[in-house]
Amino acid sequence: MSVQKQRTLGIIGGMSWESTESYYRLINEGIKAKLGKLHSADLLIHSVDFAPIGKLQVEGAWTELGAMMASSGKRLQAAGVQGLLLATNTMHKVVNDIEAATNLPIIHIADATAKVIKKQNLTKVALLGTQFTMTQNFYKQRLFDAGLQVLVPDTDTQAEVHRIIYDELCQGQLLDSSQQYYRQVIKALEAQGAEGVILGCTEIGLLISQADSPIPVFDTTAIHAAAAVAFLLNEDTGSH
């Protein structure tokens, strides 16, 4: 019996390693579900040190960050990958730098997410993530381009959502009080007309699940991992 040949996918991870661990598990579970038995995913992971990256984000040093991500992409390309996945929402701000440096297909997290939302026929969605993701256009524009309306919390709420990500979730802390806070934020956005909520940071899914939300939850880590499985099995339809 012939074994289905996978493509090799390179993952730029470590931002944070907690969420990269989720990616690794979800992608392998997805491959096993499709191929069965002992099958697992054909992956190469370059896991970066997040501390200097977090510092450069705060400083707004995106050119330097773009060069770092491009360098990671080139290392994975040299190792033989046929496509790339950036295991973080925020760093998609520099996805063009990686594409330019490698010319490899990149599975874009916002495009994959928009596709899933559109399949559910929703038009207005809330977006939770880092302040970079919630306020800047590099991510939201992809959603706008897909025909979606995007709601984000007010400035003070954004700051607390952001703080919980960096001070707690990226450091492996899952606090009940923070989960409760996120639940309240989602309820408030629902009251403003949000038909669904994007967990637009790869760590938020560690804290919030569908059970915590009165509206459909779109966990970008799970959606991105599913798109990775489709790429590995050559089932993707070119969302990059």
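For the residue pair Q77 and T102, no side-chain donor N or O sits within less than 3.5 Å of a side-chain acceptor on the partner. For Q57 and T90, the side-chain atoms include no donor-acceptor pair closer than 3.5 Å. In this structure, a donor-acceptor pair under 3.5 Å is present between the side chains of Q141 and D145. Residues S19 and S22 bring no donor and acceptor atom of their side chains to less than 3.5 Å of each other. Side-chain contact of T133 with N89: a donor-acceptor pair under 3.5 Å is absent, judged by distance alone.
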field: Working for side-chain contact (heavy atoms from CB on, under 4.5 Å), residues K34 and E235
entry: CA-CA 11 Å; K34 293 265 188 176; E235 298 170 351; 3.2 Å; yes
I11 vs Y24, side-chain contact (heavy atoms from CB on, under 4.5 Å): CA-CA, chis, key distance, verdict: CA-CA 9 Å; I11 296 178; Y24 186 69; 6.0 Å; no
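Put simply, the side chain of Q179 gets close to the backbone of L207: a donor and an acceptor are under 3.5 Å apart. Distance alone, capped at 3.5 Å, is enough to place a donor-acceptor pair between the K140 side chain and the M134 backbone. Checked by atom type and distance alone, the side chain of T20 pairs as donor or acceptor with a backbone atom of G14 at under 3.5 Å.
For residues 166-219, every residue pair satisfying the ring pair (Phe, Tyr, Trp, His ring centres under 6.0 Å) rule, not counting sequence neighbours, is listed here: H162-Y166. Sorted by first then second residue, the ring pair (Phe, Tyr, Trp, His ring centres under 6.0 Å) pairs that include residues 59-104, not counting sequence neighbours, are W62-F132, H92-H108, H92-H224.
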Name every donor-acceptor pair, under 3.5 Å, that has one atom in a side chain of residues 187-194 and the other anywhere in the protein, sequence neighbours excluded.
none

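The existence of a salt bridge linking E59 and K55 is confirmed by a sub-4.0 Å separation between a basic side-chain nitrogen and an acidic carboxylate oxygen.
We find the SG-CD1 distance between C170 and I164 to be 12.0 Å, quoted to the nearest 0.5 Å.
Taking the side chain as every heavy atom from C-beta outward, L151 and V125 never approach each other to under 4.5 Å.
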